[in-house]
Amino acid sequence: MKVLVNNQLIERVEAKIDIEDRGYQFGDGVYEVVRAYNGQFFTYEEHIDRLYASANKIDLVIPFEKAELRELLEGLLKANNIGTGNVYLQVTRGIQSPRNHVVPDLPLEGVLTASASEVSRDTTLFEQGRKAILEEDVRWLRCDIKSLNLLGNTMAKNKAHQAGAFEAILHRGEEVTEGSSTNAYIIKNGTLITHAADNLILSGITRQVILKVARDIGVPVAETGFTLTDLAAADEVFISSTTIEVTPIIEIDGKQVSDGKRGPITKKIHDAFAAEVLKQCGELAFS
C-alpha cells in the first residue's frame, strides 16, 4: 500500500510522523475524505475547497497549491489501483518542539499525509436502511471546521455501535443538528428539511449535492432545521456522507420510522444523486 507523506509517495510501512507534530499533540489540523468511482474523483474540487477553507479558519497554511495537491492525490489513487474507494488526507500545522499551546509567530511547515483504500458501495445501506439512536451533541461550537478534533463524534458513534445501531443522531436540547459522522434529514409532507449550514454542523459535500438534485427533481428544500418532535413525526428520515451516499434511517431508539422501509422521496433523491455520480465518473461507477 502506497501512502503520501508531504510530496513523497512511499510504502505504508515506511511512513513516519514526528511525535511533536501538533496534529498528534493537539489535534491541530484539518482533513478530508474524497470519494472515487471508476477510478475518478467525485466532487473533488468541492472537497478541496472545503479543506482550504477549514485551514483558513484556523490560520493553518497548507504547504501545497491546489493544482500540486491534486496531482499528488491522483498519483496516490493510481498507485493503489483504486476503482471505487476513498482517499483520506489530512494536513497538520506541523512540528513544534518543545510542545507549546501557543502557535509560533512564524508559520510552521505543515505536514500532509494521505492514504487510499478500495471501499465498494454497500447497496444494502441504500435499499434496506439502518438503525440510529439519539445522543446529546456535546461537541464544540465550530463544527463547520473539518478539524482533527473528533472525540465527541467518536464517543457518539461508539455509543450507537454498542446499541446495535449504525449512527447517532445528535441534538442540542430539542434541536437536531446532524449525525456523528453524517448529515441528517427528514421528509415531511413532501419537503426535505435539514439543518442550516452554520457553525453547528459540517456542510457536507454530499449534502450539497443532495440539496441540488432534490431541487432539480422538484422536491422542496427547507434549510430551517428540525426538532426531536419533528423527527419523531417525520414521514422519512435519512442521513448522508461521502461514503454512505443517501442512507435511510428506519428505526430510532427502537421506534420504527414510518413503515420501517426506505421512503419514496428518499429513493428518488438517491437515484438523482447516483445520476450525478454517473455524469461525473462514468457508467462503470454503478455497475
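- Note: the hydrophobic cluster containing Y31 does not contain F64 (ILVMFWY, side chain heavy atoms under 4.5 Å, direct or indirect links).
- The existence of a salt bridge linking K2 and E11 is confirmed by a sub-4.0 Å separation between a basic side-chain nitrogen and an acidic carboxylate oxygen.
- Within 6.0 Å of atom CE in M1, more than 12 heavy atoms from other residues, nucleotides or ligands are found, so the atom counts as buried in its surroundings.
- Within the 3.5 Å criterion, the main-chain N or O of Q40 finds no donor-acceptor partner in the side chain of N38.
- To the nearest 0.5 angstrom, E46 atom CD is 7.0 Å from Q208 atom CD.
- A donor-acceptor contact shorter than 3.5 Å is absent between the side chain of E251 and the backbone of G260.
- At a cut-off of 3.5 Å, with distance as the only test, a side-chain donor of T124 or D122 sits close to an acceptor on the other residue.
- No donor-acceptor distance shorter than 3.5 angstrom exists from the side chain of K146 to the backbone of C143, with no hydrogens or angles considered.
- Between N183 and I201 the shortest side-chain heavy-atom distance falls below 4.5 Å.
- In this structure, S115 and V3 approach most closely via the heavy-atom pair CB-CG1, 4.1 Å.
- Considering every non-hydrogen atom in both S240 and I210, the closest pair reads CB-CD1, 3.4 Å.
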(request) Evaluate side chain to side chain contact (heavy atoms under 4.5 Å, CB included) for D230 paired with K188, printing each intermediate quantity in order. (result) CA-CA 8 Å; D230 297 328; K188 187 64 179 179; over 6 Å; no
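- A heavy-atom distance below 4.5 Å is not found between the side chains of S181 and I239.
- At a threshold of 4.5 Å between non-hydrogen side-chain atoms, the residues V176 and L170 do not count as touching.
- The side-chain heavy atoms of Q280 and T43, taken from C-beta on, include a pair separated by under 4.5 Å.
- Taken together through direct or relayed side-chain contacts under 4.5 Å among Ile, Leu, Val, Met, Phe, Trp and Tyr, F41 and I48 form part of one hydrophobic cluster.
- No side-chain donor from either of S258 and E236 sits under 3.5 Å from a side-chain acceptor of the other.
- Interatomic distance, OG of S147 versus CZ of R139, reported as 10.0 Å (0.5 Å rounding).
- Counting heavy atoms from C-beta on, the side chains of I269 and Y185 never come closer than 4.5 Å.
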(message) Before you tell me yes or no, could you show the steps for E32 and T242 under side chain to side chain contact (heavy atoms under 4.5 Å, CB included), namely the whole-Å CA-CA distance, both residues' side-chain angles and the distance that decides it to 0.1 Å?
(response) CA-CA 10 Å; E32 277 293 336; T242 296; 6.0 Å; no
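- A salt bridge does not link R130 with E167: every distance from a Lys NZ or Arg NE/NH1/NH2 to an Asp or Glu carboxylate oxygen is 4.0 Å or more.
- Note: E135 CD to K159 NZ = 4.0 Å, rounded to the nearest 0.5 Å.
- In the hydrophobic clustering of ILVMFWY residues, with side-chain heavy atoms under 4.5 Å counting as a link, Y37 and I82 come out apart.
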(message) side chain to side chain contact (heavy atoms under 4.5 Å, CB included), that's the test. Do T266 and V246 meet it? Break it down for me.
(response) CA-CA 8 Å; T266 299; V246 181; 3.9 Å; yes
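- Connectivity analysis of hydrophobic side chains (ILVMFWY, heavy atoms under 4.5 Å, direct or indirect) links V102 to nothing; its cluster partners are none.
- The distance from the CG atom of N6 to the CG atom of L112 is 6.0 Å, given to the nearest 0.5 Å.
- Panel note: side chain N199, backbone R142; no donor-acceptor pair is recorded below 3.5 Å.
- The residues D49 and K66 are annotated as salt-bridged, a charged nitrogen and a carboxylate oxygen being separated by less than 4.0 angstrom.
- Interatomic distance, CG of D28 versus CG of L60, reported as 6.5 Å (0.5 Å rounding).
- Under the 3.5 Å distance criterion, the side-chain polar atoms of R93 are matched with a main-chain donor or acceptor of D59.
- Judged by distance alone, the side chain of N86 and the main-chain N or O of V33 form no donor-acceptor pair under 3.5 Å.
- Closest approach of T229 and E174 over heavy atoms only: OG1-OE2, 2.8 Å.
- Considering all non-hydrogen atoms of both residues, T177 and L200 come closest at CB-O, 4.1 Å.
- Side-chain atoms of R121 never come within 3.5 Å of backbone atoms of T84 as a donor-acceptor pair (strictly under, hydrogens ignored).
- Cluster membership for V237 and F166, using ILVMFWY side-chain heavy atoms within less than 4.5 angstrom, is shared.
- Remark: E109 CD is loosely packed, at most 12 non-hydrogen atoms of other residues, nucleotides or ligands lying under 6.0 Å away.
- Considering every non-hydrogen atom in both G190 and P220, the closest pair reads O-CD, 3.4 Å.
- In terms of heavy-atom proximity, P107 sits nearest to V61 at CB-CG2, 4.4 Å.
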(request) Assess whether side chain to side chain contact (heavy atoms under 4.5 Å, CB included) is satisfied between E118 and N81, documenting all intermediate values. (result) CA-CA 8 Å; E118 187 80 14; N81 195 29; over 6 Å; no
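- To the nearest 0.5 angstrom, E245 atom CD is 9.0 Å from L125 atom CG.
- A 6.0 Å sphere centred on CD of E68 holds more than 12 heavy atoms belonging to other residues, nucleotides or ligands.
- Here the options are E175, E223, E178, the test is side chain to side chain donor-acceptor pair (under 3.5 Å), and the partner is H195; only E175 passes.
- Residues L76 and L51 are members of one and the same hydrophobic cluster, defined by side-chain heavy-atom contacts under 4.5 angstrom among Ile, Leu, Val, Met, Phe, Trp and Tyr.
- None of Q25, R22, H101 except one satisfies the side chain to side chain donor-acceptor pair (under 3.5 Å) rule with Q96; the exception is R22.
- In this structure, T92 and Y24 have side chains that are not in contact, with every pair of non-hydrogen atoms separated by 4.5 Å or more.
- In this structure the side chain of L73 reaches within 4.5 angstrom of the side chain of L69, judged on heavy atoms.
- Side-chain atoms of N80 and R12, non-hydrogen and from C-beta on, never get closer than 4.5 Å to each other.
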